[in-house]
**Student:** 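Take a look at the following structure, please.
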Amino acid sequence: MEMPVVRNFFGIARMTGGIFGIAILAVTSTSASSQQDDAFHFNRLLGRGINLGNALDGPREGAWGVTLEADYFRVIKEAGFNSVRIPIRWSAHASTAAPYDIETDFFRRVDWAIGQALSRNLAAVINVHHYEEMNQDPVQSLPRLVELWQQIALRYQNQPNSLMFELLNEPQDQLDDERWQEAFPPLLKAIRDSNPDRIILIGPAYMNAVDRLDKMKLPPQDRRIIGTFHYYKPLQFTHQGAAWVNDSAPWRGTRWTGSQREREELRNDFERAAAWSQQNKRPLYLGEFGAYREADMEDRALWTRAVAREAEKWGFSWSYWEFCSEFGAYDPAAERWRRPLLNALLDRD
């Protein structure tokens, strides 16, 4: 399904310098407009997606209960999804001393996952996930992250453009707005040197929060960038009983009933995101949203449907968190979809 796109229109630029100046401006404007259209085109390709979480982003694959299987990609495609997001903990599979070589066997495993997606005509996003050292000490860790991206970019420079790169999942802690902004130039250069046309996804600090989008200043000359954000509001509902969230046990039993107040909060958040998209002439990808398994299933489905439809209303692509683990829309033991969640995601009755 092709997602609706929030259209953006350029004002008329003031032109000087006669016919020659007009011609130069026309070429430049056409090029910038074409690149921008490409970003919106690839965002439509991402469309409706799902995260293959808790697999390659674990300390090792399988440590968190998920080992990727070829059949997972088939199931996702046949269900009607357009894309997958593949979270990857590269930092657990690379040396800690320069030149920070990534393990060959791990690269081959990622090769396999990318191939499984692209061979089924699923667009794919690969990222750097759970790089905790970057969040804790961004100054010291940035050179390693740059080198990791240089290797990743070189490895996949000849892959189709339906493979897209996401710089870093959920910058947080010491990696605040300012430090994250300072990291953009070297990270983008590490990719652009070998992948000048690759689509790159970038989200704001504070865990890709929707209300930090306006703090993110993307390089205006690089139009092959898609903005991204994550959405887990209200946290007391989506993360009730989650062991990794402090003091979440008392949240058990929190409901989400789709009340006027609840839907208004959702609309306001997404309107804010859409305003950023329009002002910056950038498409947006909702890279994560989901509700933990301890929430009531009917409420989970209701919330999931509301978030997905709100995203689509504004022309955002999206990727549900996640496929088959603690937020999973798919039950790997029973080898079947959890129908309330699948129907909510794909807008079925």
Side-chain angles (χ1 to χ4, degrees), residues 49-59 63-66 85-87 89 127 129-132 135-136 166 168-173 175-176 203-213 228-259 261-270 272-273 285-311 316 318-332 337-338 340-342 344-345:
I50 197 160
N51 277 269
L52 289 165
N54 288 8
L56 297 175
D57 52 320
W64 289 346
V66 180
R85 181 173 180 256
I86 308 174
R89 191 186 295 224
N127 72 357
H129 212 91
H130 290 310
Y131 188 14
E132 308 300 347
N135 292 322
Q136 295 159 6
E166 182 183 342
L168 184 68
N169 180 71
E170 295 187 348
Q172 57 192 281
D173 299 335
L175 189 54
D176 58 15
Y206 293 88
M207 301 184 72
N208 294 149
V210 63
D211 53 7
R212 307 302 289 196
L213 278 168
T228 183
F229 70 99
H230 295 175
Y231 197 79
Y232 289 105
K233 292 184 181 181
L235 197 67
Q236 291 84 353
F237 169 70
T238 65
H239 282 66
Q240 57 187 285
W244 64 94
V245 179
N246 292 335
D247 302 320
S248 65
W251 299 346
R252 287 189 175 97
T254 301
R255 304 290 308 279
W256 198 91
T257 61
S259 69
R261 179 187 58 79
E262 289 169 332
R263 291 183 181 274
E264 185 175 335
E265 179 185 26
L266 173 61
R267 281 195 300 271
N268 289 342
D269 285 336
F270 279 54
R272 185 183 304 119
Y285 173 64
L286 173 56
E288 291 185 19
F289 68 104
Y292 187 57
R293 64 187 178 191
E294 292 210 20
D296 176 79
M297 177 57 81
E298 184 177 344
D299 291 358
R300 290 174 69 191
L302 187 64
W303 179 88
T304 297
R305 185 182 294 270
V307 174
R309 299 295 82 76
E310 192 69 23
F316 307 161
W318 53 255
S319 190
Y320 176 76
W321 185 271
E322 33 66 26
F323 176 60
C324 67
S325 190
E326 295 175 321
F327 290 69
Y330 183 80
D331 183 340
W337 290 97
R338 295 183 171 100
L341 292 176
L342 181 66
L345 288 165

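Basis for what follows: all heavy atoms, side chains included, without hydrogens, waters or symmetry-related copies.
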**Student:** Just by distance, do the side chain of Asp57 and the backbone of Ala55 share a donor-acceptor pair under 3.5 Å?
**Tutor:** yes
**Student:** Can you name the residues that form a salt bridge (charged side-chain N to carboxylate O under 4.0 Å, His left out) with Glu170, not counting sequence neighbours?
**Tutor:** none
**Student:** Given the rule in the side chain to side chain contact (heavy atoms under 4.5 Å, CB included) test, do Leu266 and Val307 qualify, once you have shown the distances and angles that lead to the verdict?
**Tutor:** CA-CA 7 Å; Leu266 173 61; Val307 174; 4.0 Å; yes
**Student:** Taking side-chain hydrogen bond (donor to acceptor under 3.5 Å, both in side chains) as the test, write out the residues that go with Tyr292, two or more places apart.
**Tutor:** none
**Student:** Quick one: side chain to side chain contact (heavy atoms under 4.5 Å, CB included) partners of Pro250, sequence neighbours excluded?
**Tutor:** none
**Student:** Got a sec, which residues hit ring-ring contact (aromatic ring centres under 6.0 Å, His included) with Trp337, two or more places apart in sequence or on another chain?
**Tutor:** Phe81, Phe323, Tyr330
**Student:** Who are the salt bridge (charged side-chain N to carboxylate O under 4.0 Å, His left out) partners of Arg252, not counting sequence neighbours?
**Tutor:** Glu294
**Student:** The criterion is ring-ring contact (aromatic ring centres under 6.0 Å, His included); which residues satisfy it with His129, sequence neighbours excluded?
**Tutor:** Trp321
**Student:** Under the rule for salt bridge (charged side-chain N to carboxylate O under 4.0 Å, His left out), what residues qualify as partners of Arg309, not counting sequence neighbours?
**Tutor:** Glu312, Asp347
**Student:** Are the side chain of Glu310 and the backbone of Ala306 linked by a donor-acceptor contact shorter than 3.5 Å?
**Tutor:** no
**Student:** Only counting residues at least two apart or in another chain, list the ones meeting side chain to side chain contact (heavy atoms under 4.5 Å, CB included) with Ser319.
**Tutor:** Asn51, Arg85, Tyr285
**Student:** Within the side chain of Trp303, is there an N or O that forms a donor-acceptor pair under 3.5 Å with the backbone of Gly290?
**Tutor:** no
**Student:** In this structure, which one of Arg255, Arg261, Glu262 forms a side chain to side chain donor-acceptor pair (under 3.5 Å) with Ser259?
**Tutor:** Glu262
**Student:** Mind checking what makes ring-ring contact (aromatic ring centres under 6.0 Å, His included) contact with Tyr231, not counting sequence neighbours?
**Tutor:** Phe270
**Student:** Partners of Glu132 by side chain to side chain contact (heavy atoms under 4.5 Å, CB included), sequence neighbours excluded?
**Tutor:** His130, Asn135, Gln136
**Student:** Is the side chain of Arg300 donor-acceptor paired with the backbone N or O of Ala295 at a distance under 3.5 Å, no angle test?
**Tutor:** no
**Student:** Looking at Tyr232, Trp251, Trp256, which one forms a side chain to side chain contact (heavy atoms under 4.5 Å, CB included) with Phe237?
**Tutor:** Trp256
**Student:** Which heavy atom of Leu286 sits nearest a heavy atom of Ala311, and at what distance?
**Tutor:** CD2-CB, 4.2 Å
**Student:** When you measure from the side chain of Arg338 to the backbone of Gly328, do you find a donor-acceptor pair of N or O atoms at a distance under 3.5 Å?
**Tutor:** yes
**Student:** Sequence neighbours left out, what pairs pass side-chain hydrogen bond (donor to acceptor under 3.5 Å, both in side chains) with at least one residue falling in residues 239-250?
**Tutor:** none
**Student:** With rounding to the nearest 0.5 angstrom, report the CZ to CZ distance, Phe229 to Arg272.
**Tutor:** 10.5 Å
**Student:** Give, for atom OG1 of Thr228 and atom CG of Leu168, the distance between the pair rounded to the nearest 0.5 Å.
**Tutor:** 11.5 Å
**Student:** For the residue pair Ala205 and Asp176, what are the closest heavy atoms and their distance?
**Tutor:** CB-C, 3.7 Å
**Student:** Would you say the side-chain atoms of Tyr320 pair up with the backbone N or O of Phe327, donor to acceptor, closer than 3.5 Å?
**Tutor:** yes
**Student:** So, taking the atom named CG in Leu175 and the one named CE in Met207, what distance separates them when rounded to the nearest 0.5 Å?
**Tutor:** 12.0 Å
**Student:** May I have the step-by-step check of side chain to side chain contact (heavy atoms under 4.5 Å, CB included) for Asp269 and Lys233, ending in yes or no?
**Tutor:** CA-CA 9 Å; Asp269 285 336; Lys233 292 184 181 181; 3.3 Å; yes
**Student:** Once salt bridge (charged side-chain N to carboxylate O under 4.0 Å, His left out) is applied, do any residues pair with Glu322, and if so which ones, sequence neighbours excluded?
**Tutor:** none
